[in-house]
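Written out below as structure tokens is the structure these notes cover.
Heavy-atom basis, side chains included; hydrogens, waters and symmetry copies ignored.
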Amino acid sequence: QVQLVESGGGLVQVGGSLRLSCAASGIIFSTYGLGWSRQAPGKQRELVATITSRGSTGYADSVKGRFTISRDNAKNTVYLQMTSLKPEDTAVYYCWVSGADYWGQGAQVTVSS
């Protein structure tokens with residue numbers, strides 16, 4: 001059974017930083033691409049960042065230069081380091097596995113001004 005468990009969300013002030021973690025089990029982690037998406041209230045879910053099995057990364061224009069996705073295959077964990085946070089980054093953040101319909105339960109990130 002595949003499980004993705006996110007952690008690290010919370011409340012932060014504008015300009016602050018947070019790091020989200022997503023621990024995976026039930027898959028051969030190192031062989032999959034992974035990603036993070038987010039959904040703000042009343043808005044569609046949007047892609048935030050991706051990382052391939054080889055470590056190549058991609059970002060939405062809205063977070064480029066502020067967010068960093070990384071992975072630790074030894075820990076079966078993907079991370080999203082978020083800096084210079086803005087109120088518009090407030091959303092529920094989900095990790096997912098590329099090419100498979102596996103999603104985490106979501107982590108709330110709230111940026112207060």
Side-chain angles (χ1 to χ4, degrees):
Q1 182 179 0
V2 177
Q3 280 193 315
L4 300 174
V5 179
E6 294 126 341
S7 59
L11 175 65
V12 64
Q13 291 187 331
V14 169
S17 299
L18 279 175
R19 188 177 79 158
L20 301 179
S21 301
C22 174
S25 59
I27 59 172
I28 304 174
F29 184 83
S30 62
T31 65
Y32 284 92
L34 305 155
W36 289 92
S37 294
R38 67 186 180 186
Q39 188 165 20
K43 295 188 176 181
Q44 288 189 329
R45 191 172 294 188
E46 63 171 344
L47 178 68
V48 173
T50 59
I51 185 166
T52 68
S53 59
R54 294 187 176 188
S56 297
T57 59
Y59 298 94
D61 287 344
S62 58
V63 306
K64 203 170 291 184
R66 299 188 298 121
F67 290 12
T68 303
I69 187 171
S70 61
R71 63 190 297 161
D72 185 337
N73 290 337
K75 295 183 179 180
N76 284 8
T77 300
V78 60
Y79 303 98
L80 185 67
Q81 179 68 50
M82 305 182 290
T83 63
S84 301
L85 283 161
K86 305 175 182 180
E88 51 264 42
D89 295 319
T90 295
V92 178
Y93 284 72
Y94 300 90
C95 63
W96 45 269
V97 178
S98 178
D101 192 21
Y102 301 134
W103 290 78
Q105 83 284 0
Q108 177 69 49
V109 172
T110 303
V111 184
S112 65
S113 56

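- In the hydrophobic clustering of ILVMFWY residues, with side-chain heavy atoms under 4.5 Å counting as a link, Val92 and Val111 come out apart.
- By the salt bridge (charged side-chain N to carboxylate O under 4.0 Å, His left out) test, Lys43 pairs with no residue at all, sequence neighbours left out.
- Between the CG atom in Leu85 and the CZ atom in Phe67 there is a gap of 5.0 Å [rounded to 0.5 Å].
- In this structure, Glu88 places its CD atom where more than 12 heavy-atom neighbours from other residues, nucleotides or ligands lie under 6.0 Å away.
- Looking only at side-chain heavy atoms (C-beta outward), Asn76 and Ser25 stay at 4.5 Å or farther from each other.
- For Arg19, there are no salt bridge (charged side-chain N to carboxylate O under 4.0 Å, His left out) partners at least two apart in sequence or on another chain.
- In this structure, CH2 on Trp36 lies 12.0 Å from CD1 on Ile51, to the nearest 0.5 angstrom.
- Remark: side-chain polar atoms of Thr50 are not paired, donor with acceptor, to backbone N or O of Thr57 under 3.5 angstrom.
- No salt bridge links Lys86 with Asp89; every basic N to acidic carboxylate O contact stays at or beyond 4.0 Å.
- Using a 4.5 Å heavy-atom cutoff, the side chains of Met82 and Leu20 are in contact.
- The CD atom of Gln105 lies 8.0 Å from the SG atom of Cys22; values are rounded to the nearest 0.5 Å.
- Geometric assessment of Arg71 against the ring of Tyr32 yields a negative cation-pi assignment under the 6.0 Å and 45° thresholds.
- One hydrophobic cluster holds both Val63 and Val12 under the rule that ILVMFWY side chains link at heavy-atom gaps under 4.5 Å.
- For the pair Gln81 and Ser17, the tightest heavy-atom approach, listed with the atom from each and the gap, is NE2-CB, 4.1 Å.
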Determine, step by step, whether Thr110 and Gln108 satisfy the side chain to side chain donor-acceptor pair (under 3.5 Å) criterion, reporting the C-alpha distance in whole Å, the side-chain angles of both residues, the deciding distance to 0.1 Å, and the verdict.
-> CA-CA 6 Å; Thr110 303; Gln108 177 69 49; 3.3 Å; yes
What's the verdict on side-chain contact (heavy atoms from CB on, under 4.5 Å) for Tyr94 and Leu4, showing C-alpha distance, side-chain angles and the deciding distance?
-> CA-CA 9 Å; Tyr94 300 90; Leu4 300 174; over 6 Å; no
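- With sequence neighbours left out, Ala91 forms a side chain to side chain contact (heavy atoms under 4.5 Å, CB included) with Arg38, Ala40, Tyr93.
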Working for side-chain contact (heavy atoms from CB on, under 4.5 Å), residues Ser53 and Thr31 = CA-CA 5 Å; Ser53 59; Thr31 65; 5.6 Å; no
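- For the atom pair CD (Gln1) and OH (Tyr102), the distance works out to 10.0 Å, reported to the nearest 0.5 Å.
- The same ILVMFWY cluster, assembled from side-chain heavy atoms under 4.5 Å apart, contains both Tyr59 and Val109.
- Tested against Val78 for a side chain to side chain contact (heavy atoms under 4.5 Å, CB included), the candidates Val97, Asn73, Ile69, Asp72 yield a single pass: Ile69.
- Here the OH atom belonging to Tyr79 is positioned 12.0 Å from the SG atom belonging to Cys95, to the nearest 0.5 angstrom.
- One distance of note links CG of Leu34 with CG of Leu80; it measures 12.0 Å at 0.5 Å rounding.
- In this structure, Ser37 and Leu47 approach most closely via the heavy-atom pair OG-CA, 3.7 Å.
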